[in-house]
Every structure is written in structure tokens, then in C-alpha cells.
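Read the structure below first, then the notes.
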Amino acid sequence: MALRLWASSTANALRISCASKTHVAPAFSLFRCFSTVLDGLKYASSHEWVKHEGSVATIGITDHAQDHLGEVVFVDLPEPGGSVGKGGSFGAVESVKATSDVNSPISGQIVEVNSKLTETPGLVNSSPYEDGWMIKIKPSSPSELESMMGSKEYTQFCEEEDAAH
């Protein structure tokens, strides 16, 4: 958090702005400096990530998503044993800015839920790819992972999406 405040102050002092459309865009992207995209994960256009290991896939929201949401204050997750469909909502994240559904990028049976998020929802902000994971599922159709983006594609997707807004 201190790094983001420092970077924001520095950007203001240098008069760097990604929001201004009247100036020439900087040669670098501030998005790349602040949002983390990990290799080895798959990404959905709805900003969820999947880590597939053996017979289990772990799902959470991306660093980009949590950054846009702001401080997460509540996470609503399903009970283990249920099932999720590709593109279907399995929970919600409430932040100081908004409440957003969380969608499953793949289909499967829920085998575990991150109960730590009940008491410490801010883990979604501080550790979206590690401690802030949301559910683990046994994929019913692992081939659904093939249509998801890799890290380079997701980074480009986010840059294009941010530029359009």
C-alpha cells in the first residue's frame, strides 16, 4: 500500500497520467507496474484466475480485479460439495466501491472453500494469488482451460480494457 501511495505521489509530481487523453501516452504502462499477472495460471475475461494442479483447480480473482474493486470488506462463498458451471456465479465480493459477482471460468464440483476469507476478506487484496484464493474445484471438463488466456494474453487484455475506459 505504501508503494502504491509513493508511486501515485511520484506520478503526480512527474505529471504522469494514464487517464488524460489529451496528452501523448507514456512509453510505459502504469498498469504493468502495479498489477501482477503470474505465469502458469489461466485467466478469464471476467478477471478470475485458475491454477490447475493434478485433479484440483484453484480459483480466485486477479490482482487487476482486486485493484479496481478497492478494499474488500466481505466475501460470500458457497459451501463445499456444490457444483459450478462455466461462466456461472459462485459467490460475491463486496468492497468499499461495489459488490461484484465472482464467476467460475470452468465447470466442476466444489471440493474446498477458503474459510479464511470470512474473517479476513482483505486477503483478496493483499494476496490475490496465494492466501486470497476463493474455491477449489474438481474440474468436470478440464478442456475448458484451453480457451482461457495465458499471462501475456491477459496482460494485453487488461491494457486494452483499461485504455477503452
Side-chain angles (χ1 to χ4, degrees), residues 1-12 16-21 28-52 56-80 82-108 110-137 148-151 153-165:
M1 185 60 144
L3 178 60
R4 286 184 191 205
L5 292 173
W6 172 84
S8 178
S9 298
T10 303
N12 286 335
I16 297 172
S17 171
C18 288
S20 175
K21 302 217 186 244
F28 60 91
S29 169
L30 291 177
F31 163 76
R32 283 184 180 222
C33 295
F34 301 129
S35 291
T36 302
V37 177
L38 300 180
D39 289 328
L41 302 180
K42 292 293 194 170
Y43 298 90
S45 60
S46 53
H47 302 288
E48 290 85 18
W49 58 266
V50 177
K51 182 177 185 179
H52 190 220
V56 175
T58 305
I59 300 172
I61 66 168
T62 65
D63 188 39
H64 183 77
Q66 72 78 24
D67 187 50
H68 281 271
L69 281 169
E71 181 185 351
V72 174
V73 295
F74 180 75
V75 179
D76 181 33
L77 295 174
E79 293 294 322
S83 62
V84 293
K86 180 179 179 179
S89 174
F90 67 78
V93 175
E94 183 179 333
S95 73
V96 294
K97 293 182 182 179
T99 298
S100 298
D101 285 338
V102 183
N103 301 316
S104 182
I106 59 174
S107 305
I110 301 168
V111 295
E112 189 177 347
V113 174
N114 189 350
S115 58
K116 290 181 187 176
L117 298 180
T118 303
E119 294 295 320
T120 317
L123 290 172
V124 171
N125 297 113
S126 63
S127 183
Y129 300 114
E130 296 294 330
D131 298 330
W133 64 272
M134 297 185 168
I135 63 172
K136 293 186 180 190
I137 69 170
M148 295 181 70
M149 293 178 268
S151 59
E153 294 87 1
Y154 181 68
T155 299
Q156 182 176 351
F157 173 80
C158 291
E159 289 172 345
E160 291 170 359
E161 185 179 69
D162 285 351
H165 291 101

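- Taking the ring pair (Phe, Tyr, Trp, His ring centres under 6.0 Å) definition, one finds that F157 meets it with H47, sequence neighbours left out.
- Between the side chain of Y43 and the main chain of L38, a donor-acceptor pair closer than 3.5 Å is present.
- The side chain to side chain donor-acceptor pair (under 3.5 Å) analysis of residues 88-105, with sequence neighbours excluded, yields no pairs.
- Residues H52 and A57 share a closest heavy-atom pair of CD2-CB, 4.0 Å.
- Rounded to the nearest 0.5 Å, atoms CD (E153) and SG (C158) are 11.5 Å apart.
- Between N125 and V72, the shortest heavy-atom contact is OD1-N, 2.8 Å.
- Checking side-chain atoms of D76 against main-chain N and O of A92 turns up no donor-acceptor pair under 3.5 Å.
- Partners of K86 by salt bridge (Lys or Arg N to Asp or Glu O under 4.0 Å), not counting sequence neighbours: none found.
- When all heavy atoms of L77 and F90 are compared, the pair lying nearest together is CD2-CE1, 4.0 Å.
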**Message:** Apply side chain to side chain contact (heavy atoms under 4.5 Å, CB included) to residues M148 and I106 and explain how you reach the verdict.
**Reply:** CA-CA 9 Å; M148 295 181 70; I106 59 174; 4.1 Å; yes
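- Distance check, rounded to the nearest 0.5 Å: CG of L123 to CG of N114 gives 7.0 Å.
- Among T36, V37, D162, the single residue meeting the side-chain contact (heavy atoms from CB on, under 4.5 Å) criterion with H64 is D162.
- Annotation: E161, atom CD; neighbour count of heavy atoms from other residues, nucleotides and ligands within 6.0 Å is above 12.
- Rounded to the nearest 0.5 Å, atoms NE2 (H68) and CG (D63) are 10.0 Å apart.
- Atoms NZ and NZ, from K136 and K51 in turn, are 8.5 Å apart once rounded to the nearest 0.5 Å.
- Once rounded to the nearest 0.5 Å, the distance linking CD1 of I137 with CD of E112 reads 12.5 Å.
- With hydrogens and angles ignored, the 3.5 Å screen pairs a side-chain donor or acceptor of W49 with a backbone N or O of I61.
- Across P105 and V50, no two heavy atoms sit closer than the pair CG-CG2, 3.5 Å.
- Going from atom CE of M134 over to atom NZ of K116 covers 14.5 Å, rounded to the nearest 0.5 Å.
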